[in-house]
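As the structure is a computational prediction, the values presented were derived from the model and not from experiment.
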Amino acid sequence: MIPRERIRNFSIIAHIDHGKSTLADRLLSITGGLTQREERAQFLDKMDIERERGITIKAQAVRLSYTHTDGLEYMINLVDTPGHVDFGYEVSRSLAACDGALLVVDASQGVQAQTLANVYLALDNDLEILPVLNKVDLPAADPKRVASEIEESIGLDTSEILSISAKSGLGVETLLQTLVEKLPAPSGDSDAPLRALIFDSWYDPYRGVVLLVRVVDGKISSGDDIFLMHSSSKYTVLEVGAYTPHHSKLDGLETGEIGFVICGIKTLRDAKVGDTLCAVKGAELLEPLSGFEDVKPMVFAGIFPVESADYSELGESLEKLALNDAAITWEVENSSALGMGYRCGFLGLLHMEIVQERLEREFDLDLITTAPTVVYQLKHPDGTVETLDNPAKFPNERRRETIVLEPYISAEIHVPNEFVGTVMRICQERRGEQKEMRYLTKDRVTLSYELPMSEVVFDFFDVLKSNTKGYASMDYELSEFRESDLIRLDLLVNGESVDALSLITHKDNAYSRGRSLCKRMKAELPRHQFVVAVQSAVGNKIIARETIPALRKDVTAKCYGGDISRKRKLLEKQKKGKKRMKSVGNVQIPQAAFLNILKSD
C-alpha cells in the first residue's frame, strides 16, 4: 500500500506533435512499466488510426511505480492526452482527474496555439503546471527564446525550466524527480463515503462497459454495491484494477487513485462520462461531484449507411462509440436521396473524419457522410429563434423581417513573421475581421481574427497549412451569432432536388459554389438514354447548369452508304422516343457519385 501523500496524478499537455506520446513512452521505459521487448513508439496510442496519423485521439491513463532518490516508492498516474483543438473536450475530462500537469513545449517551434488553449484548461482546473522544454537536442532548438515566450505569453516562471529530449531520454530522469517533488498529492477523505468521478468509459463485448474513475473520497473494492447518480442505477462491482500499462486486477482503489471499474453494465445509457459513482448506502445524502459541461457541437453532417439494412447497426455503433467519445451527438435523419441515417454533431472537421473512420473500421460499416455544415439561427419577427443544423430545413423563401444569424469564431493564429501577409489575405478572403496583431518575439506573431464558422469548416486548415509551409497553428472558440446574408443552394438533377447536396452559403459565394457543384455532378453521373440537366438553384432561380448528353444509337450502321434523308428519318424517330423516355425516366444517382462529390467538398 502506498500512502496518499506519495501518489501523483498528472497529465501531459502540449500542442500537437510537440512530443507528448514520446515522453509517455520514455516514462514507461524508465519506470519499468514495459520490458525491452514490449517497447515501441506511441505505446499508449492503442488505435491503428492514431499510429497511422501520428496523433493522439483518446486519452490513456497508466499507473507507474517510481523510486525517488530519497528511497521512497511513489505511485505515478499518468494521463496522456490529445493535442489537437478538435479533441479539447477529451483533454478537459482528463485534467479533471489530475492534480498537476506537465506543459511540454517544443524547443524549436516554441509556443503554439494549442499550447495556450491547453494551459487555460489546466488553469481552469486549478492544476499545478510544470513547464518542460522538449527536443533540446535538435539543431534548430532555441531554449532561451522559447523559455522567454512561455514567460511572456503564459506567465509561468521559467527560471528553473527543465530541458529534456524525450526521444533520447536526456533529462527525463531529472524530470521524474522534479514532478514528484513539485506536483501536489491528491486531496480527499479516505474515511468519508465513497465518491468517484467517471472521466472515461468504453464498451467491451465480453465485460460490458468499463469505467475509468478517479476516487475522490473513500474506497472501492470488488463485491461492493455501487450507485450511479445520473442514471440512478445500482450495480455490483465485479472487478477493479489499473493499467500498468497492462490490464492489472487489484483488490481495491483507495482515495486519490485512478483505475478501472467493471460491474457488468450492459445498458449503455447508464454509463455517463462525468457522472458520480458512490456506495448504495447513504447515496441520497451525498453531493454529486462537479462533472463536465455538456459539449456543444460545432460542425454537423449526415451519416448514412451505403446499405440501408445497416441502419439499426449504425445506431448501435454510434452508442458504443459515444461511450469512448462523449463529444458526439446524433439524431435520426431521413433523406429522400440517401434513405435513413443520422444527423451527427462534431467538435470540428478532424473529429468528423476520425469518427467516420472509426465507425467504418471498428464496426465494419460502409458509410456516406454529407457535406459538413454549422448551426444557423433564424430570428423571426415575433422574437422567437429557430435553430437550424440541416440545410434542408433552411427556408428558400422567408419574410423580409426574418433575420438569419450565423456563428462566428474567435481565432488565434500563431505564425512566423514572414507569413503574416499570406495569413491576412486568406482570412480576408474568408470574410474575416482582424481584431489584434501582437509579436510574441521578433520572429513570431499572433493574429486574432473573427471568422464565420462556415468558412472555416471546409478547407481553411488545409489552405492555412499549405500556404505557411506547415508553420501556422490555430486555436478557436465559438464567439457569437451575427446577422448575415445567407441563402440555400439546391442541386437539381432532371428537375428533382437532391437534398443530401443542399448547402447554405453566403450570397456572394453562391454562383461559384453552384458552378462547382454542377461540374462535379456532371463528371460523376453516368449517361442515360435521355438528356439530363444538372442545375444549381437559389429558390426558383437557376444560377448554373450542366447538360449530360443522351446515349444515342448509331443510325448510320443500319443504312450505311444510304440516302441522307433516310438517316434523318431514323434520327427523328429516335428523338421522339427519347422525348417520351425523358417524361417517364428516372435518373439513378449511384452511391459512388455521392461519395466522390461529398469527399471533394
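- Counting heavy atoms from C-beta on, the side chains of Val105 and Val132 never come closer than 4.5 Å.
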Verdict with reasoning, Arg438 to Glu412, per salt bridge (charged side-chain N to carboxylate O under 4.0 Å, His left out):
CA-CA 11 Å; Arg438 64 180 187 277; Glu412 291 263 317; 3.5 Å; yes
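- When each of Asp189, Thr276, Asp217, Thr255 is checked for a side-chain hydrogen bond (donor to acceptor under 3.5 Å, both in side chains) with Arg195, only Asp217 meets the rule.
- For the pair Leu27/Val62, no side-chain contact is recorded, criterion being any heavy-atom separation below 4.5 Å from C-beta on.
- Ring geometry for Tyr243 versus Trp202: interplanar angle of 30 to 60°, hence tilted.
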Steps toward side chain to side chain contact (heavy atoms under 4.5 Å, CB included) verdict (Val146, Ile161)
CA-CA 11 Å; Val146 176; Ile161 194 166; over 6 Å; no
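- The nearest pair of heavy atoms linking Phe260 to Ala242 is CE2-N, 3.3 Å.
- Contact check for Ile354 versus Phe346: no side-chain heavy atoms found under the 4.5 Å cut-off.
- With no hydrogens or angles considered, no side-chain donor-acceptor pair links Ser448 and Gln434 at under 3.5 Å.
- Nearest heavy atom pair, residue Ser94 against residue Phe199, reads CA-CD1, 4.5 Å.
- For the atom pair CG (Leu238) and CZ (Arg207), the distance works out to 10.0 Å, reported to the nearest 0.5 Å.
- Taking 4.5 Å as the limit, every side-chain heavy atom of Leu211 sits out of range of all side-chain heavy atoms of Asp275.
- Side-chain atoms of Asn134 do not come within 3.5 Å of backbone N or O of Val104 as any donor-acceptor pair.
- Counting only distance, with no hydrogens or angles, the side chain of Ser11 and the backbone of Val79 share a donor-acceptor pair below 3.5 Å.
- For the pair Arg4 and Ala185, the tightest heavy-atom approach, listed with the atom from each and the gap, is O-CB, 3.6 Å.
- Remark: Leu162 CG to Leu103 CG distance equals 11.5 Å, nearest 0.5 Å.
- Across all non-hydrogen atoms, the minimal contact from Ile13 to Ala122 is CD1-CB, 4.0 Å.
- Ser65 and Glu73 are linked by a side-chain donor-acceptor pair at a separation below 3.5 angstrom, with hydrogens and angles left out of the test.
- No donor-acceptor pair under 3.5 Å is formed between the side chain of Asp106 and the backbone N or O of Gly19.
- Looking only at distances, no side-chain donor or acceptor of Thr244 sits under 3.5 Å from a matching main-chain atom of Ser248.
- Under a 3.5 Å cut-off, the side chain of Arg6 and the backbone N or O of Val180 do not form any donor-acceptor pair.
- Glu257 contributes a side-chain N or O that, together with a main-chain N or O of Glu254, makes up a donor-acceptor pair within less than 3.5 Å.
- Side chain of Asp325 to main chain of Leu321: no donor-acceptor pair is present (N/O by atom type, distance under 3.5 Å, no hydrogens or angles).
- Between Lys219 and Asp251 there is no salt bridge, since no side-chain N of the basic residue sits under 4.0 Å from a carboxylate O of the acidic one.
- Of all the heavy atoms in Cys427 and Phe460, the pair that sits closest is SG-CZ, 4.1 Å.
- With hydrogens and angles disregarded, no donor-acceptor distance shorter than 3.5 Å links the side chain of Glu149 to the backbone of Gly110.
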Just do the side chain to side chain donor-acceptor pair (under 3.5 Å) check on Thr69 and Gln177 with the steps written out, would you?
CA-CA 8 Å; Thr69 49; Gln177 292 173 17; 4.6 Å; no
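- Proximity of a side-chain donor or acceptor of Arg214 to a complementary backbone N or O of Leu197 within less than 3.5 Å is not detected.
- Rounding to the nearest 0.5 angstrom, the gap separating the CG atom in Asp99 from the CG atom in Leu127 is 7.5 Å.
- Residues Leu478 and Pro407 share a closest heavy-atom pair of CD1-CB, 3.7 Å.
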